[in-house]
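Proteins come first, then strands; the chains are lettered A, B, ... in the order of their sequence lines, and each starts at number 1.
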Amino acid sequence: MAPPREDPPDAPRPSKGALTPRRVDFPRWYQEVVARAELADNGPVRGTMVIRPWGFAIWERLQAALDMRIKAAGAENAYFPLFIPESYLRLEAEHVEGFSPELAVVTHGGGKQLEEPVVVRPTSETVINSYFAKWVQSHRDLPLLVNQWANVVRWELRPRLFLRTTEFLWQEGHTAHATEADARAYALRILRDVYVDTMEQVVGIPVVTGHKTARERFAGATRTWTCEGMMGDGKALQMGTSHELGQNFARAFGIQFTDEEGVLRYAWQTSWGVSTRLIGALVMAHGDDAGLRLPPELAPVEVVVLLVRDENGARRAAAALVDELTAAGHRVRLDDRTDTSFGRRSVGWELKGVPARVEVGPRDLADGVVTVVARHDRTKATVPIAAAAGAVGDVLAATASVLHDEAAAELARRTSEVADVAAAVDAAAVGFARVPWAALGVEGEAALAAQAVSVRCLQAADGSLAREGAPEDDLVAVVARAY
RNA sequence: CGGGGAGUGGCGCAGCUUGGUAGCGCGCCUGCUUUGGGAGCAGGAGGUCGCCGGUUCGAAUCCGGUCUCCCCGACCA
């Protein structure tokens, strides 16, 4: 019997050791990249994650970028305990309702049953606000702007490395303000100046911003602002949220201050966070069939100098190039493992996403040249040794914008404007659909949910954030399948 | 909770129908030859076959029980 006329051109027969192509099986491709780029392993307890050195180095760089912006926004770092009295969670009704299904509760300590169980923090609103209540007395104590870097635990039934794990790392900011307007302005400032800026400029992922529907809102918030990114398969990933908490927690925990007129008032609050999930976003938004592609700012190694063979002074030339690139301010690694084949080493660095590679071998060297390879499109250029550092600089500079622009083009290509639920479901099979909220409403949102499509956010018709007091019927819902 | 599937070296799998004491690919170790896109040859290490019990001279294989994981549905948000 004759085989089918032709194999799909984008699905070649798997060559030995190659990744599953993205279009064949995206989730499998993701798992393989995470494993083979040595980002993370599954932990021994279901849903837990071991972040390996390569993955953690990316996280550290992301942390640095975020931390700098958080501090620029005026918040200070602090640290609050892992264990929270169970009773604290109950103080805010919606909050406890939202989180109780996924709490890890410690019932024993020191060999005895505890009188009051303690929960492992799923988020720290409750502990932090119990201290805010002590610290805030006067309007002069406001605004109070605190951030912490921490791990949190939410017992997950369907874990996936980085995207949804039982324990993960994040930063959570918590603030208290004298007025509602001040709190709202700060929540938006964090959204724009910290989150959107980091995602666009550092991670290179264009995001769709807006606010969550009541159904998707953070438990205890009055408004949740969100950044949603589009992954390589067209699905949405919530990449960061900034919440206006109103006075919900202030009333529950008694955060009161005396204003300029001597009147006792409750504070207005915000909270906001992004997590190691961003590493998953990075993989899924920028990765290709050869593995990870890293923006230079997040790459643990920006350029690898690969010694092809240790002959005719190639080692000396490679070492000199490492020195020159280091002096130029790049993070450089020398790969002189010449007992491992050239192909294996090349493929390995591509899997790990290193943006630039310089191949130094005796053949090129005889002509006074080296080969500079760009990871983002795997193009090679032969350049004189003296020009190598400059060429690497060009590759690095190009990588950041290419990754961002490709992601932006993909977002635009996979986003459509539709008018009703049925069309939205169809469009969500491809990517994002923008549908008038008036055509959807709570019933439409439920209908979409039955088809595994969710409202990622609401925004103004032109894509900007909804202005205060704007009629709900003027808003547009961005809907998609989501992680 | 209901339906389906799967547990065998680090990873991916075969073997089970028809019981005879475990095999393949990748990976790993040693040596030699190699090295410009996942090298070749030779040698080698590594497994209480998820767990408990039963049948049998003998169980990865047959029977009963149990645990875990995956997929679909339900539930929850």
Side-chain angles (χ1 to χ4, degrees), chain A residues 12-20 25 27-28 31-38 40-48 50 52 93-103 122-123 154-161 164 166 212-221 224 238 241 289-291 304-312 314-315 317-318 335-352 354 357-367 369-375 378-383 442 445-446 448-456 482-483:
Chain A
R13 77 176 65 90
S15 63
K16 186 170 62 179
L19 290 170
T20 298
D25 187 341
R28 184 167 172 186
Q31 284 190 306
E32 290 177 0
V33 171
V34 168
R36 293 177 55 186
E38 300 180 354
D41 262 344
N42 283 304
V45 172
R46 178 174 162 73
T48 60
V50 175
R52 302 182 65 179
E94 276 186 43
H95 193 65
V96 66
E97 192 187 329
F99 280 103
S100 48
E102 46 193 357
L103 292 181
T123 178
R154 298 176 185 178
W155 215 260
E156 289 290 350
L157 299 177
R158 299 215 179 286
R160 305 189 63 185
L161 287 174
R164 187 181 297 110
T166 286
K212 291 290 188 182
T213 61
R215 183 191 181 96
E216 301 280 340
R217 196 193 289 147
F218 176 73
T224 290
Q238 177 176 301
T241 48
D289 286 349
V304 60
V305 174
L306 196 156
L307 177 62
V308 178
R309 270 182 293 155
D310 190 2
E311 291 172 15
N312 301 328
R315 178 178 293 275
D335 182 351
D336 61 354
R337 302 168 302 168
T338 50
D339 54 351
T340 299
S341 77
F342 171 82
R344 173 173 298 273
R345 290 185 289 151
S346 302
V347 166
W349 292 115
E350 284 173 3
L351 264 170
K352 289 193 161 198
V354 172
R357 182 168 78 247
V358 184
E359 301 170 356
V360 179
R363 211 155 74 198
D364 278 353
L365 229 42
D367 298 329
V369 298
V370 294
T371 301
V372 175
V373 190
R375 172 64 185 89
R378 301 216 278 165
T379 53
K380 295 189 173 192
T382 302
V383 304
V442 175
E445 188 178 17
L448 287 173
Q451 305 290 313
V453 174
S454 56
V455 176
R456 305 315 304 160
Y483 281 99

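The base of B:rG12 is not paired with the side chain of A:Glu32 by any donor and acceptor separated by under 3.5 Å. Residue side chain A:Arg344 does not reach the base of B:rG27 through any donor-acceptor N/O pair under 3.5 Å, judged by distance alone. You'll find a donor-acceptor pair under 3.5 Å spanning the side chain of A:Thr371 and the base of B:rG36, going by distance alone. No hydrogens or angles were tested; on distance alone, a donor-acceptor pair under 3.5 Å links the side chain of A:Lys380 to the base of B:rG37. Taking 3.5 Å as the limit, the base of B:rG38 and the side chain of A:Arg36 contain a donor-acceptor pair of atoms between them.
Using modelled atom types and a 3.5 Å distance limit, the side chains of A:Arg344 and A:Ser346 yield no donor-acceptor pair. With 3.5 Å as the limit, one finds a donor-acceptor pair spanning the side chains of A:Thr213 and A:Glu445. Under 3.5 Å, the side chains of A:Asp364 and A:Thr371 contain a donor-acceptor pair of N or O atoms. Between the side chains of A:Thr20 and A:Glu32, a donor-acceptor pair is found at a separation under 3.5 Å.
Atom CD in A:Glu359 sits roughly 12 Å away from atom P in B:rG38 (whole-Å rounding). Regarding A:Asn42, its CG atom lies at a distance of 18 Å from the P atom of B:rU68, rounded to whole Å.
B:rA14 and B:rG9 have their P atoms separated by 13 Å, with the value rounded to a whole Å. When the C1' atom is used for both B:rA45 and B:rC28, the distance is 8 Å, rounded to whole Å. Taking the C1' atom of each, B:rC41 and B:rU34 are spaced 11 Å apart, rounded to whole Å. Here the separation of B:rC16 from B:rA60, taken at their C1' atoms, is 7 Å to the nearest Å. With both ends at atom C1', the span from B:rG3 to B:rG10 equals 34 Å, rounded to whole Å. Between B:rC49 and B:rG15, the distance separating the two C1' atoms is 11 Å to the nearest Å. B:rG27 and B:rC51: their P atoms are spaced 29 Å apart (whole Å). A gap of 12 Å separates the C1' atoms of B:rU8 and B:rU61, to the nearest Å.
B:rG25 is paired with B:rC11 under the criterion used here, namely a Watson-Crick or G-U wobble arrangement in which both key atom distances are under 3.5 Å. In this structure, B:rC57 and B:rG20 make a Watson-Crick or G-U wobble pair, each of the two defining distances being under 3.5 angstrom. With a 3.5 Å ceiling on both atom-pair distances, B:rG37 lacks any Watson-Crick or G-U wobble partner. Using N1 to N3 plus N6-O4 or O6-N4 for Watson-Crick, or N1-O2 and O6-N3 for G-U wobble, each under 3.5 Å, B:rC1 pairs with B:rG73. Here B:rG46 sits opposite no nucleotide as a Watson-Crick or G-U wobble pair (both hydrogen-bonding atom distances under 3.5 Å). In a base pair of the Watson-Crick type (N1 to N3 plus N6-O4 or O6-N4) or a G-U wobble (N1-O2 and O6-N3), with each distance short of 3.5 Å, B:rG64 is matched with B:rC52.
With A:Arg345 contributing its side chain and A:Leu307 its backbone, the two residues share a donor-acceptor pair below 3.5 Å.
Not counting sequence neighbours, A:Arg363 has no partner by the salt bridge (Lys or Arg N to Asp or Glu O under 4.0 Å) test.
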Whether each nucleotide of nucleotides 70-77 of chain B has a protein heavy atom under 4.0 Å at its base (B), only at its sugar-phosphate (S) or at neither (-) is summarised, 5' to 3', as SS-----B
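Between A:Ala219 and A:Glu94 the shortest heavy-atom distance is CB-O, 3.3 Å.
Checked for salt-bridge contact, A:Glu350 and A:Arg378 meet the test: a charged N lies under 4.0 Å from a carboxylate O.
Among the atoms of the strands shown, base atoms are found under 4.0 Å from some heavy atom of A:Glu350. Nucleic acid contact class of A:Arg337 (heavy atoms, under 4.0 Å, all strands): none. Nucleic acid contact for A:Arg217: none, since no nucleic acid atom lies under 4.0 Å from a heavy atom of the residue.
Dashed line: the shortest gap from a side-chain N or O of A:Ser341 to OP1 or OP2 of B:rA39 is under 4.0 Å.
For A:Arg309 and A:Gly348, each mapped to the nucleotide of RNA chain B holding its nearest heavy atom, the one lying further toward the 5' end belongs to A:Arg309. Checking A:Arg378 against A:Arg28, the closest nucleotide of RNA chain B that is more toward the 5' end is the one next to A:Arg28.
By the 4.5 Å heavy-atom criterion applied to side chains, A:Arg309 and A:Pro362 are counted as neighbours.
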